[in-house]
Amino acid sequence: MIHFRQKIFFIYLIVFFLFLAGLFPFVNHTVEKLSRKIMCDRATELIERIQSAPSDEALVRKLKEQKALVFYRVSVISDQHKVLYDSHTKRLLGPRFSQEYVVYHPEVNDAFEKGIGYNEDYSELLGQKFSYLAKSFTFHGKTYVLRTALPHNYIIDLSHDFETGVLTVATAVLVLFSVMTWLIIHYMTRPIQVIIDAVKPYQEGNLNTIPEIKLNSSNASDEFIKLANTLNSLSFRIQKHIDTLTFERNEKMAILESLLEGVVAIDQNMIVTYANHSALKFFQLSLEQLVGQSFSVTHQHKCYNLLLACQENNQILNDTLYIKRNEKKIFFDIVAAPKKDEKGAILVLQDKTSHYKLLEMRKDFIANASHELKTPITIIQGFAEMLHDNVDLPEQTILQLTEKIVRNCKRMTTLIKDLLTLSDVENIPESRLIECDLEEIIFNCVDNVKEMYPDAEIIVKNSMPQPIHLLADPNLMEHAFINLIENAAKYSPHPANITISLNVIDNKIQIQIADKGIGIPEADLEHIFERFYTVDKAHSQKLGGSGLGLSIVETIIHKHFGRIKVDSKLNEGTTFTILIPIEQS
């Protein structure tokens, strides 16, 4: 890049060469013009001195007397083009020269016609080139011509001398002027260079803010000081505006990135311009794979068509998207809205899986609860109608029927009790949370199970060095542990062998309840915490189970910020592992 000073220097060089190109023609023309003027002036002066002669002979004599004013060669031609006098010809030709010698040179003809004539020609007589000037004058009523000659090399030497002098002076003036201009420009552009050097790091991206411009001058009225102050004020306002925009952008980005909803922005060409973390997670693409690419890379045709339609109709459109990923059903509510400038659209994806799952759970819960209640009610109704219609039945038959009615009533009572417990667990008030001893709760549960299964062998292994106190609902915790210990005894061959282990791992209490019972098939392990799910429905009903016990246990543990998992092998036993954090909030 050519700097300003270099541009000035090159301009001066161009001007100098243009000056040289025009110097020589100008000098030649000027010297020629000057020579003609000098010759004309000397000829006029000579004419004035000889014009007063009374005759041609007197004119010639008087002309010979003017040695100081005579040129290299001078001639007088009469009105009849006869040479009356020639300062060189008679001497060179000797006796051959005659007064009858007639000339018709171009300059002589021009002098007779126009009063003055000029011509350059080679003289064969004198063997060199001459510049001739002829001027007419009136002598005793007749027109005569005075013809003067000057060697042409005199004019050439004069031109060379003039060119050398003009070139020397012009070059000196040009160099002096260039140096002065260079110094002035340097002085004037130095503040500009300071400004450029100050702003350049920001321009190259090495600084995040525009630096303050400082000039070494105490003159407040200086134009560059005013310019620097103006630029500083402007950069301050720009930086303030940039900071505001950056803050607002970061705030909006933080809000968008914190949303659970996926947000995608596209332009009018369906190119993705923005996608937040949730959207990338949904599409299972990285930022580089999605942003800057066509939306078609997502392979979500319903979303693609919805974005096109919302732009064509210029209105907000919504739909529901269902996909199956890793054998799991995922539901999304999708909303497509056109941008205000009609140059793209926004797509919002809201995960509604939990909502749809809750709806399905409610449907399943109602269906399962209805089914579980319908069976004992139908049995009770049938037996009651039989007793009502057959009053003469044998006493033994009546006892059997009433026993079945009572058993199904107890089954319904257990089911309703479990449903109420499940509802109660979902809404634990803070007032019921108290500090309780975990080991004491475990031993109370063991005593309760022992009353139902006195032959069961239950061992408690406590590896904790000191008592652990939890903020919990002791009744619900007892309910959960009793359910697990009772199931271990219920589904084990008599006498049941149960081991309860208490440990502390990573600031969490680990409770393991292991048995050596019949175990749970591997296919049923992921479903056993679902409501109304039973591995063997007939066996469960025989033992009085409602299918809600483990679901209640899981809900209780979750409400206390814990988690539960199960490991089991058929005919080898089952182990339930519970992890509860010591510090809860």
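Scope of the values below: all heavy atoms of this structure, side chains included, with no hydrogens, waters or symmetry mates. Here, residue 1 is the first one in the sequence, and each next residue gets the next number.
With contacts defined as side-chain heavy-atom distances shorter than 4.5 Å, the pair Val264/Val272 qualifies. At least one side-chain heavy atom of Leu321 sits under 4.5 Å from a side-chain heavy atom of Phe282. Residues Leu349 and Phe283 form a side-chain contact, since some pair of their non-hydrogen atoms from C-beta on lies under 4.5 Å apart. With a 4.5 Å cut-off on side-chain heavy atoms, Val74 and Leu146 count as touching. Residues Tyr144 and Ser136 form no side-chain contact, since every pair of their non-hydrogen atoms from C-beta on lies 4.5 Å or further apart. Here the side chains of Thr298 and Cys303 are not in contact, with every heavy-atom distance at 4.5 Å or above.
Smallest separation of non-hydrogen atoms from Ala265 and Ile346: CB-CD1, 3.5 Å. Considering all non-hydrogen atoms of both residues, Leu285 and Leu290 come closest at CD1-CD1, 4.1 Å. Here the closest non-hydrogen pair linking Ala275 and Val291 is N-CG2, 4.1 Å. For the pair His140 and Pro54, the tightest heavy-atom approach, listed with the atom from each and the gap, is NE2-O, 3.0 Å. Closest approach of Gly117 to Asp110, counting heavy atoms only: CA-CB, 3.7 Å. Between Pro581 and His560, the shortest heavy-atom contact is CD-O, 4.2 Å.
Under a cut-off of 6.0 angstrom, the local environment of NZ in Lys142 is sparse, with at most 12 non-hydrogen atoms contributed by other residues, nucleotides or ligands. Within a 6.0 Å radius of OH in Tyr122, other residues, nucleotides and ligands contribute more than 12 heavy atoms. Heavy-atom contacts from other residues, nucleotides or ligands closer than 6.0 Å to CG of Asn313 number more than 12. Atom CG of Leu287 has more than 12 neighbouring heavy atoms from other residues, nucleotides or ligands inside a 6.0 Å radius.
The CG atom of Leu307 sits 5.0 Å away from atom CG of Leu347, with the distance rounded to the nearest 0.5 Å. How far NE2 of His301 is from CG of Leu308: 12.5 Å, rounded to the nearest 0.5 Å. Separating the CD atom in Gln268 from the CD atom in Gln311 is a distance of 8.0 Å, to the nearest 0.5 Å. Taken to the nearest 0.5 Å, the CG atom of Leu133 stands 10.5 Å off from the CZ atom of Arg147. How far CG of Leu579 is from CD1 of Ile509: 10.0 Å, rounded to the nearest 0.5 Å. A distance of 5.5 Å separates NZ in Lys508 from CZ in Arg563, rounded to the nearest 0.5 Å.
The backbone N or O of Asp79 lies less than 3.5 Å from no partner atom in the side chain of Thr143, so there is not a single donor-acceptor pair. Lys281 contributes no side-chain N or O that, together with a main-chain N or O of Gly262, makes up a donor-acceptor pair within less than 3.5 Å. In this structure, Asn269 contributes its side chain and Ile271 its backbone to no donor-acceptor pair below 3.5 Å. When atom types are taken as modelled, the side chain of Asn276 and the backbone of Val263 share a donor-acceptor pair closer than 3.5 angstrom. Looking only at distances, no side-chain donor or acceptor of Thr577 sits under 3.5 Å from a matching main-chain atom of Lys565.
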task = Show your reasoning for whether side-chain contact (heavy atoms from CB on, under 4.5 Å) applies to Gln289 and Gln293.
result = CA-CA 7 Å; Gln289 291 174 325; Gln293 306 296 325; 5.9 Å; no
query = Given the rule in the side-chain contact (heavy atoms from CB on, under 4.5 Å) test, do His81 and Val108 qualify, once you have shown the distances and angles that lead to the verdict?
reply = CA-CA 8 Å; His81 288 259; Val108 175; 4.1 Å; yes
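Between His105 and Tyr132, the ring planes are parallel. Angles under 30° get that label, and only those over 60° would be called perpendicular.
Partners of Ser294 by side chain to side chain donor-acceptor pair (under 3.5 Å), not counting sequence neighbours, listed by chain and number: Ser296.
One side chain, Thr44 or Lys135, offers a donor N or O that lies under 3.5 Å from an acceptor on the other.
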